[in-house]
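So the structure is just underneath, and the comments pick up after that.
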Amino acid sequence: MDRKKLVLVGNGMAGIRTIEHVLKLAPEAYEITIFGSEPHPNYNRIMLSSVLAGGSDMSEVILNDWSWYEEHRIRLHAGHTVTQIDPLARKVYSDKGAAADYDVLILATGSDPFMLPLPGADKEGVIGFRDIKDCETMLEASRKYKKAAVIGGGLLGLEAARGLLHLGMDVTVVHIHPYLMERQLDETASKMLQKELEAQGMKFLFRKHSEEIAGRKRARELVFSDRTRLEADLIVMAVGIKPNVKLARQAGIAVNRGIVVNDLMQTNIPGIYAVGECAEHRGITYGLVAPLYEQGAVLAKHLAGAETEGYAGSVTSTKLKVSGVDVFSAGHFAETEGARSLRYQDEVDQVYKKIVISGDRLIGAVLFGDTSDGSKLFSLMKKGESVKGREKELLLGFSAQGSGTETAEQRLAAMADDEIICGCNGVTKETIKDAVLTKNCTTVASVKACTKASGSCGGCKPLVQGLVQLYAGDAAGEPAKEGICGCTTLTRDEIVAEMSRMKLQSVQETMHVLGWNNPEGCSKCRPSLNYYLGMLFPESYADEKESRFTNERYHANIQKDGTYSVVPRIYGGVTSPSELKKIAEVAEKYDVPMVKITGGQRIDLLGVKKEDLPNMWAELDMPSGYAYGKALRTVKTCVGSTFCRFGTQDSIGMGVRLEKEFERLNTPAKVKLAVSGCPRNCAEATIKDFGVVAIDGGWELHVGGNGGVHVRATELLCVVKTEDEVVEWAGAFLQYYRENAQWNERTSVWIERVGLESVKKALENKEDRIALFARVKQALGRLNDPWKEIVADGALRKNFEPLPEAASARN
Ligand SMILES: Cc1cc2nc3c(=O)[nH]c(=O)nc-3n(C[C@H](O)[C@H](O)[C@H](O)COP(=O)(O)OP(=O)(O)OC[C@H]3O[C@@H](n4cnc5c(N)ncnc54)[C@H](O)[C@@H]3O)c2cc1C
Ligand SMILES: NC(=O)c1ccc[n+]([C@@H]2O[C@H](COP(=O)([O-])OP(=O)(O)OC[C@H]3O[C@@H](n4cnc5c(N)ncnc54)[C@H](O)[C@@H]3O)[C@@H](O)[C@H]2O)c1
Ligand code: SF4
Ligand code: FES
């Protein structure tokens, strides 16, 4: 069957959620091409607040990494902005010259932050808060500057301000309204919130109209209409968003505030749809993920040919993501005509609740200080059922109707099955219960992998955790434990033990036999299982390329523009004129845009097209440097005794020997070595995984160093006399690390976890060392140079040919 061409513009949260649904419902129906202005794979924008506030790491925000696109044969143009749609030719064009034909076009271009057009708003240090770049700018500014102003006291402004406080800045929130979050809270709740935030160190200016940003190149002051001024080196504008409709408007698509769509998310032009913040449905544009995900689910059903009633609009709820403050708001919280409100306030415990009822239906709620009934109230609001006679229960809390002494577990157990636990993803209690009881999801991570609950703002995590405890605790009779990823509850050691006991022979078999709750596995467990099987059965296991990351599949590092880099092996950093000539000729012939000397004493040819890789490798005729792999990378050397007047040993010879001995070795994470010819340590051996430092009459062997993000100096493993001993200890150490570390765990982290003494103990006995060395040699015995294999094998070379339209990964 001929696949239709689906093009998505916008690689963000709503668009990709739609594609995920399409892939589930109709995996073979479409050839998919995605354009995204940002140079990143799909990430969780919501978590940027948490990155700023120190609750998460930037690496945790990725929702679908590069390999996800590869796995689903999606062509991704990351860093490309679509600038033109030709609806007659059914084609889109990007600012970087890429084009794509479509049968179905989805616009999911999100919103832009609204930037106040103040004089001086173009100065350095004036930003919005929308993407990774803004987040990085704030992190950097906080290292150099002290004073920050956030304009806008809404959800975004307060979360930005909290993050900047955490980063040590002196933060003032400038708000135009008399009280904070007026779009979500009434004045009473707002004042309670202000008091709490002031106690955390936040400052506020109310009823302030910003008029100008003063400063030279960089912002220095915010000037207000009453001519007062506020000192600020960083000014974050968080005064709302505007749907990104420029592209649609240019193409003649009907646009109001957003791109106008009907209940099937269709625009007025056949074949063109819109979802997410850019879409306007029944006159409403949304700025929260829950409604956008509902829109995506409807659109995916429609595109998959499944039945759908269409999108009917959403009731929304919000929670402020600021630690130490519980704020919830849903629906219509203001008293409008025909509606009545009920309030409860506890000034001692700083709790405030307000519900709004119209007729006999609950239409809105504001909670401060105790938001535990938020999801229950929200469910009632969504269902629209009569709440007549239940007003007290709604206001005072659901537990007020019971004995008042129920535990959290009892309250969870008493919840109705159709109650929504995760508002962002619309996941009910029943869905989570089913995942725990029938799909073996006994951790929050595995429930997330199965149902998406807790995967967006994370606000429902405590409830999900409670349900896991409630149901997994009963089923297993013991507290839930964390597996290697959300697909399993088994730990690394349990998996390796089972693989060994049952002689498992493939990743698929392992997942099947060990009861994976996600039969396809994920980008975390598949490569780790592949590694463990290769480590356990070096003689018989056939490496599964499809379980490796893109870099290891193509034996080259993929770069941010979709090209690759080629790094040939240069043993010990020693090269020759003829080798250099060869590299220069290849670089010239293939128009390599950049040739760079690396920190590991090698030469990196950057910007290579995938289809040129095999020919370049053939012409270089040098071994692969494995610069892309979880494997032995480089052995850095200093000049040593051959040339240096301080040198006590031949560090170059030692380094070359080590590199030749262990090249191609697969390891849990990358491994770097270095050899210095004397304690001056010019090769920086004491920040390597295995560092060798020459001393008078011998060698010091150091382990567990790292010069990367988390710098760690090595610890001394032992002192040996001869070069043979260096090789033997290095081999034994590497094999012990291979057999005992977790996949993706650098030696520095591993040694910190297990302790140097345990490593020393495992290696100190000569017999044990020799046995380990024999096993490392056995593993090495089966490994061939991957570049040479590909060059010689026509079938393998085919993988590097350009794929037809819409079938390759990044371009
Ligand atoms: C810091 C922060 C915290 C938030 N917290 C919450 C929260 O707690 N709860 C909640 O529900 N919501 C929250 N939100 C809002 C939520 O993130 C958005 O509603 C959601 O991301 C919108 O999804 P989208 O796909 O419509 O837009 P986006 O996620 O913005 O994706 C749109 C993408 O399209 C790209 N694009 C635009 N034009 C083009 C073009 N012409 N060509 C190619 N690409 C293009 C953009 O670069 C962008 O990457 C938060 C937002 C921020 C910024
Ligand atoms: N926890 C969450 O759910 C969360 C967190 C962050 C962002 N978001 C979403 O991101 C989007 C953007 O958030 P936002 O807070 O920027 O939008 P918003 O429209 O909700 O709030 C903007 C605030 O800025 C104030 N304002 C407007 N003009 C001003 C001016 N000139 N000076 C001072 N104050 C001014 C407004 O009174 C308003 O309170 C929204 O859709 C929001 O829902 C949600
Ligand atoms: S480490 Fe010692 S031998 Fe090596 S270059 Fe430096 S001074 Fe010379
Ligand atoms: S409520 Fe946001 S992730 Fe569940």
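When a ligand or atom number is given, it counts from 1 through the structure's own listing order. This chain uses plain numbering: 1 for the first residue, then up along the sequence. Predicted, not measured: the structure shown is a model, and the values here were computed from it.
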Step-by-step side-chain contact (heavy atoms from CB on, under 4.5 Å) determination, Tyr69 to Asn42 | CA-CA 10 Å; Tyr69 298 87; Asn42 170 236; 3.3 Å; yes

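- Close contacts of ligand 1 with Thr81, meaning ligand atoms under 4.0 Å from a residue heavy atom, involve 40 (C), 41 (N), 42 (N), 43 (C).
- Only the side chain of Leu156 comes within 4.0 Å of ligand 1, counting heavy atoms alone; its backbone N, CA, C and O stay farther away.
- Using a 4.0 Å cutoff on heavy atoms, Cys424 does not count as a contact of ligand 1.
- Assignment of His80 to the shell around ligand 1 is supported, since a heavy atom sits closer than 4.0 Å.
- Residue Ser111 has no N or O atom closer than 3.5 Å to an N or O atom of ligand 1.
- Close N/O approach between Cys457 and ligand 1 is not found [any backbone or side-chain N/O within under 3.5 Å].
- Under 4.0 Å is where a charged nitrogen must lie from a carboxylate oxygen, and between Glu419 and Lys429 no such pair does.
- Ligand 1 places these atoms under 4.0 Å from at least one heavy atom of Gly287: 15 (C), 19 (O).
- One finds no salt bridge joining Glu136 and Lys133 here, because no Lys/Arg side-chain nitrogen approaches an Asp/Glu carboxylate oxygen to under 4.0 Å.
- For atom 4 (Fe) of ligand 3, the set of nearby N, O or S atoms under 2.8 Å includes none belonging to Cys682.
- Between Arg45 and Glu277, none of the side-chain N atoms (NZ, or NE/NH1/NH2) sits under 4.0 Å from a carboxylate O, so this pair counts as no salt bridge.
- Short contacts between ligand 1 and Asn244, defined as distances under 4.0 Å to a heavy atom of the residue, involve ligand atoms 37 (C), 38 (N).
- When only non-hydrogen protein atoms are considered, atom 3 (S) of ligand 3 lies nearest to Gly647 CA, 3.4 Å.
- The residues lining ligand 4, counting any heavy atom closer than 4.0 Å, are Cys422, Gly423, Cys424, Ser454, Gly455, Ser456, Cys457, Gly458, Cys460.
- Using a 4.0 Å cut-off to heavy atoms of Ala14, the atoms of ligand 1 that qualify are 23 (O), 24 (P), 25 (O), 26 (O).
- Close approach of ligand 1 to Glu38 is summarised as follows: ligand atoms under 4.0 Å from at least one heavy atom of the residue are 47 (O), 48 (C), 49 (O).
- Screening Val436, Ile421, Asp434, Thr431 for a side-chain contact (heavy atoms from CB on, under 4.5 Å) involving Thr451 leaves a single residue, Thr431.
- Under 4.0 Å from ligand 1, not a single heavy atom of Thr83 appears.
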